[in-house]
Each structure stands twice: as structure tokens, then as C-alpha cells.
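Written out below as C-alpha cells is the structure these notes cover.
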Amino acid sequence: KPTAAGIRLASLSVTDDGVGSPQTAPVYGTGVAPAVVLTPSSLAFPDQDLGTSSEPQIVNLNNVGTAPLSISKISVAGDFSQSDNCGGSLPVSGSCQISVTFTPTANGNRSGTLSVTDDAAGSPQTAPLSGVGAGLGLGIASGGSSSATVSAGQTANYKLTIGGSGASGT
């Protein structure tokens, strides 16, 4: 029963009343274990309008170990969702894809975590997720007056700035 992956060495010793006691013999075996690599190890999403979903980004889950990998749970936290084609296990040298989507619920920097719970060492394996929630804004630009007294029939000019993901300019 190996306690670690790789070649394990030991010796078997028998003590008796025979000549040459104790008799010893070397014994060895190879311990096998799954090992996980997430590629890429993190995801960063570009600015995304509030309440809308980004294009998915892919994380590859790879079993680089010497035994099949048993997957019990794949989840995300934060303003992110996931779907995957991993099933419950991966063979040695097997891989699967986890598709992650970002749907911000508030303006500014948003963060989350992709977690894979399995039977490999270091479980759960995690990958940080980040993105920026961008709400469309409309306001009077700095440097100009925010009010004016206008006589009937006259005009007033204001510089308006529109910002947010996918919209900018004056």
C-alpha cells in the first residue's frame, strides 16, 4: 500500500532458527496517483456591461499523473458561471475543458474562483478569475460648468461624456 507516488523500496526480513538468520529480500513497487494541472492557471475578462454575459473563456483540466482522476465537483464563485465536459473522471494523460463566463452584477473590479474538487493531491485545485463590470454612464464632464442661466430663446453648451464598456466619447 504505497504512501506516495513513484518507486517505493523496502526490505522483507524473516528471523528464524535457520542458518543465516535473518533472511532478507528487497521488495519494491510503484505508487500511482493522479495529478492535476489547470491551463491557463487564471482568467482575466475584459470590461463587460452589467447584467450581460461575456464570451466564454476555456480552462483545460489535465490529468498529468499516473492514475485515473476522480472528479467530484467543479464550481465557480463570484460573478462567473461554468459548464464543462469533464464527467466524473479523467484517464491518465486525459484532459477536459471548463468554459467560464463572466456576468458582472456591479461596477468595478470583480473577482471569483474556479475550483475543482477531486482525488489528486492539493484538492481542490483553484484558478483565480477576474473581470471589470462596466455600467453605461452619462454625465457632465469635468472642467465645465454644471449649470447656467439661459435667457429665453438662447442656448447653453455642455460637454457630456458617455462611458462604459463599448461606449465612449463626447
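Note that the coordinates shown come from a computational prediction; the quantities given were computed from them, not determined experimentally.
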Donor-acceptor pair, [X] side chain versus [Y] backbone, under 3.5 Å?
X	Y	answer
S89	S70	no
T66	A33	yes
S41	L38	no
T117	S72	no
S53	T103	no
N63	P91	yes
N62	S95	no

Which value, rounded to the nearest 0.5 Å, describes the distance between [X] atom [atom1] and [Y] atom [atom2]?
X	Y	atom1	atom2	value
K73	S123	NZ	OG	11.0 Å
S75	Q82	OG	CD	7.5 Å
S54	L43	OG	CG	9.5 Å
T149	Q154	OG1	CD	12.5 Å
T105	D79	OG1	CG	3.5 Å

Are [X] and [Y] side-chain neighbours, meaning at least one heavy-atom pair lies under 4.5 Å?
X	Y	value
C96	D84	no
P22	D16	no
L90	L61	yes
V64	V36	no
T101	S81	yes
L12	T24	no
V59	Q97	no

For a quick test of reading the model, state the closest non-hydrogen atom pair linking V27 to S11 and the distance between them.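 For V27 versus S11, the nearest heavy atoms are CG2-N, 4.0 Å.
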For residues G133 and P104, report the shortest heavy-atom separation together with the two atoms involved.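 It is CA-CB, 3.5 Å.
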Working for side chain to side chain donor-acceptor pair (under 3.5 Å), residues N60 and T39: CA-CA 5 Å; N60 290 301; T39 307; over 6 Å; no
Give the intermediate values and the outcome of side chain to side chain contact (heavy atoms under 4.5 Å, CB included) for residues I74 and L114. CA-CA 7 Å; I74 299 175; L114 167 66; 4.0 Å; yes
Hydrophobic cluster identity match, L50 and F45, side-chain contacts under 4.5 Å: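 They do not share one cluster, since no chain of ILVMFWY contacts under 4.5 Å joins L50 to F45.
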Checking N109 now: which residues fulfil side chain to side chain contact (heavy atoms under 4.5 Å, CB included) with it, not counting sequence neighbours?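 In terms of side chain to side chain contact (heavy atoms under 4.5 Å, CB included), with neighbours along the sequence ignored, N109 is linked to V132.
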Can you name the residues that form a side chain to side chain contact (heavy atoms under 4.5 Å, CB included) with V92, not counting sequence neighbours?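 Per chain and number, V92 pairs via side chain to side chain contact (heavy atoms under 4.5 Å, CB included) with P68.
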Decide yes or no on side chain to side chain contact (heavy atoms under 4.5 Å, CB included) for L129 and F102, but give the supporting numbers first. CA-CA 9 Å; L129 308 172; F102 174 48; over 6 Å; no
